Amino acid sequence: MQCKYNSDSQSSQLYSRSKEALFFSCTNKSVEFAISLPRITTIPFPYFLFLFLFLVRSIIIIHSVISNTTLAMASAASPSEITSIKAFAESNGSSPIPSTYHSLTEPRDDVADHLACSIPVIDFSHLTSHDPQIHASTVHQLANACAQWGFFLLTNHGISEKLMEEVMEKSHEFHNLPLEEKEEFADKGPLTAIRHGTSFHPQAEKLHYWRDYLKVITLPQFNFPHKPPGYKEIAFEYSRKIRGVARELLKGISESLGLDAESIIESTGFDSGLQIFAVNLYPPCPEPDLAVGLPPHSDHGLLTLLTQNGIGGLQVKHTGKWVNVNPLPNCLIVNTGDQLEAVSNGRYKSVMHRAVLNNRDTRISLVLVNGPDLDKEIGPALGLLEKEDPLFKTMKYRDYFEIQQMTRFAYKSGLDEIRLN
Ligand code: OGA
Ligand code: NI
C-alpha cells in the first residue's frame with residue numbers, strides 16, 4: 001500500500017479526523033494500520049458478535065484466574081498467606097513447592113506393606129446380629145481391633161452406596177466453588193460452626209500441609225454450607241447415618257470392655273455429643289516426597305469414621321511402622337480417638353495416623369469425628385476403676401477440645417495434658 005501520510009503534520013491531522021486511527025504514527029506500517037481500520041466497521045455482524053463474545057469471555061477468564069490466585073495467596077513471598085492449597089497448586093503447576101511445605105518427616109514409601117492386609121475387618125451386620133453368638137464373637141473382634149490397631153475397616157454398615165457417592169460428589173463440588181464463594185466460611189476458630197481453610201492448624205504452625213478443609217459442626221445442632229445446592233440435605237442424611245453406626249460401635253466397644261452396652265453412651269453424654277464433619281481435599285502435589293497432606297496426629301473424639309474417593313493416602317502407625325490403609329469397596333474406615341483412650345483407661349489407644357500425597361490425583365476424604373457432650377467431664381469409665389487405677393484425670397470435653405486445638409502441633413497428643421504420672 002502506498003503511504004500517503006508520512007509526515008508529522010499529516011499524522012496529527014489524521015488523528016484529529018478519525019477516532020479509529022488512535023495508534024497512528026509516522027511509520028509506513030502504522031499508517032497502513034490506521035488506514036485499514038475503518039474497514040472494521042464493515043465486518044459482518046455475526047463475526048463482530050463472535051469477536052465481542054470472545055473478548056468478554058477472555059476478560060472473565062483472566063479476571064477469575066487473577067482473583068483466585070490473589071485470593072489464594074495474599075503475598076507470593078509468604079506461603080503462610082496461602083488460603084487455598086487447591087488454588088495455589090493449580091496456579092503453581094509443576095514448579096517447586098514453597099519450602100515451608102517441606103513437611104514430610106519420614107519417607108512416605110517406607111511402609112510395612114505386608115501389614116496392610118492385617119488391618120482388622122469388622123462386619124457391622126454381625127455386630128448388630130440378634131444371634132448372641134455372632135454378636136459376642138464380633139464384640140471380641142472389636143476388642144482386638146481396638147486394642148491392637150485402633151483402626152479397622154467396617155463392612156456391611158448399611159449406608160447405601162448411592163448416599164456415599166452423592167455426598168462425595170457434592171463435597172467435590174464444594175471445593176470446586178470459586179474462592180470468593182467460600183470466603184464467607186473462612187476459618188474463624190475451632191468452635192465455629194462452619195470453617196473452610198487450609199493446612200493443619202494454620203494459626204499455630206511453621207510448616208504447612210498440603211490440604212484444604214471444610215469442617216462443620218453437625219451435632220448436637222446441624223450446621224452446613226448452603227451451597228452447592230443439595231449438599232446440605234445429603235450431608236444431613238450422611239451425618240445422621242454415620243452417628244447411628246458410631247453409636248452401635250460404641251455399644252459393642254462398651255461390652256468389649258466388660259461394661260454395659262449403654263455405659264459409654266451414657267457416661268459421655270453421647271446422645272447430645274459433638275460431631276465434626278470434615279471434608280479434606282488433597283490436590284496432586286508435584287513434590288509428594290517433600291510435602292505431606294496431614295502430619296502424624298491422633299483424633300480428639302471417641303470414634304472417627306472415614307471414607308475417601310478411591311484415592312489412597314491414609315497411613316497408620318502400627319508397631320513403629322507406617323502402614324497403608326487400603327479400604328475394601330464401600331467400607332468405612334474407623335479409628336479410635338483420644339476420648340476413647342481416656343474412657344477405656346488406656347486400653348484402646350488413640351493411634352497416630354497421617355495423610356500422604358501423590359502427584360496425579362486429587363484425593364478427597366470425608367472424616368466424621370464423633371465425640372462426647374462438650375459439657376461432660378470425661379475420664380476413665382467408673383466400671384473399670386473398680387479393678388485398676390486411673391491413668392487419666394477427668395476433663396470437660398470442651399476444655400480438652402480447646403487445649404487440643406490450640407496446642408495441637410504435629411506428633412504431640414492432647415492426652416499428655418490429662419495423663420496421670
Ligand atoms: C483427619 C485425618 C486422614 C485422611 O482429618 O483427622 O486423619 O485420610 N484425615 O484424610
Ligand atoms: Ni485424623
Side-chain angles (χ1 to χ4, degrees), residues 139 142-152 190-191 201 204 219-220 246-247 249-276 295-305 316-320 334-354 367-421:
V139 166
L142 207 45
N144 288 340
C146 292
Q148 288 161 18
W149 279 85
F151 258 79
F152 55 90
L191 274 175
H201 285 155
L219 275 168
R247 194 178 193 282
L249 287 173
L250 275 183
K251 282 162 65 181
I253 288 172
S254 243
E255 285 182 73
S256 79
L257 290 165
L259 306 167
D260 290 342
E262 299 284 334
S263 168
I264 294 180
I265 288 173
E266 280 167 13
S267 69
T268 61
F270 188 75
D271 288 338
S272 48
L274 184 75
Q275 183 185 60
I276 296 184
H297 69 278
S298 63
D299 295 344
H300 54 83
L302 291 161
L303 285 177
T304 302
L305 277 67
V316 53
K317 194 110 193 201
H318 180 72
T319 59
V334 182
N335 68 281
T336 54
D338 295 350
Q339 295 295 304
L340 194 62
E341 180 165 342
V343 168
S344 68
N345 203 25
R347 211 162 301 180
Y348 297 160
K349 299 268 183 308
S350 178
V351 278
M352 288 283 165
H353 52 284
R354 66 177 183 177
V367 180
L368 278 74
V369 175
N370 295 278
D373 185 319
L374 281 166
D375 293 312
K376 272 270 180 196
E377 292 276 346
I378 307 296
L382 294 179
L384 298 176
L385 297 185
E386 286 164 13
K387 297 191 201 108
E388 58 201 48
D389 291 334
L391 296 182
F392 300 95
K393 63 178 179 187
T394 63
M395 187 184 268
K396 248 189 201 160
Y397 182 41
R398 182 188 301 279
D399 297 337
Y400 182 84
F401 180 70
E402 272 166 11
I403 289 175
Q404 194 249 19
Q405 294 285 306
M406 300 321 281
T407 57
R408 185 173 131 182
F409 302 105
Y411 307 99
K412 193 176 177 305
S413 166
L415 282 174
D416 296 341
E417 302 292 325
I418 58 167
R419 215 183 292 280
L420 295 168
N421 310 315

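Along the sequence shown, residues are numbered consecutively beginning with 1. Here the structure is a predicted model, which is why all the values come from computation and not from measurement.
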- Check ring pair (Phe, Tyr, Trp, His ring centres under 6.0 Å) between F151 and all other residues, then give those that pass, not counting sequence neighbours.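 Scan of F151 (ring pair (Phe, Tyr, Trp, His ring centres under 6.0 Å), adjacent residues dropped) gives H353.
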Nearest heavy-atom neighbours spanning [X] and [Y]:
X: F392; Y: P380; value: O-CD, 3.4 Å
X: L384; Y: L259; value: N-CD2, 4.2 Å
X: D299; Y: Q404; value: C-NE2, 4.4 Å
X: P190; Y: F401; value: O-CE2, 3.8 Å
X: E341; Y: R419; value: OE2-NH1, 3.8 Å
X: N345; Y: D389; value: ND2-O, 2.9 Å

- Message: More than 12 heavy atoms of other residues, nucleotides or ligands under 6.0 Å from CG of L385: yes or no?
- Response: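 Result for CG/L385: enclosed.
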- For atom NZ of K317, is the number of surrounding heavy atoms from other residues, nucleotides or ligands below 6.0 Å larger than 12?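 Count over threshold, so yes.
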Side-chain contact test, heavy atoms from C-beta onward, threshold under 4.5 Å: evaluate it for [X] versus [Y] and give yes or no.
X: D338; Y: I418; result: no
X: S298; Y: L415; result: no
X: L249; Y: N370; result: no

Out of curiosity, [X] [atom1] to [Y] [atom2], how far, rounded to the nearest 0.5 Å?
X: K396; Y: L374; atom1: NZ; atom2: CG; result: 10.0 Å
X: Y348; Y: L302; atom1: OH; atom2: CG; result: 13.5 Å
X: D271; Y: I265; atom1: CG; atom2: CD1; result: 6.0 Å
X: R347; Y: L391; atom1: CZ; atom2: CG; result: 9.5 Å

- Query: Among L305, T304, L340, V367, whose side chain to side chain contact (heavy atoms under 4.5 Å, CB included) with N335 holds?
  - Reply: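 Exactly one candidate clears the test, T304.
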Checking [X] now: which residues fulfil side chain to side chain contact (heavy atoms under 4.5 Å, CB included) with it, not counting sequence neighbours?
X: E266; answer: E262
X: K376; answer: D373, I378
X: S267; answer: none

- Item | Steps toward side-chain contact (heavy atoms from CB on, under 4.5 Å) verdict (V351, H318) | CA-CA 8 Å; V351 278; H318 180 72; over 6 Å; no
- Message: Checking the side chain of S254 only, and the main-chain atoms of K251 only, is there a donor and an acceptor separated by less than 3.5 Å?
- Response: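 Flag not set: sc S254 to bb K251 has no pair under 3.5 Å.
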- Message: Under the rule for side-chain hydrogen bond (donor to acceptor under 3.5 Å, both in side chains), what residues qualify as partners of S344, not counting sequence neighbours?
- Response: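 So S344 forms no side-chain hydrogen bond (donor to acceptor under 3.5 Å, both in side chains) with any residue.
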- Task: Tell me, please, which residues at least two apart from E255 pass side-chain hydrogen bond (donor to acceptor under 3.5 Å, both in side chains).
- Result: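 Checked E255 against side-chain hydrogen bond (donor to acceptor under 3.5 Å, both in side chains); matches are H135.
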- Task: Applying side-chain contact (heavy atoms from CB on, under 4.5 Å), run through Q339 and T268 and close with a yes or a no.
- Result: CA-CA 9 Å; Q339 295 295 304; T268 61; over 6 Å; no
- Task: Classify the angle between the aromatic ring planes of Y397 and H300 as parallel (below 30°), tilted (30 to 60°) or perpendicular (above 60°).
- Result: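 Y397 vs H300 ring planes: tilted.
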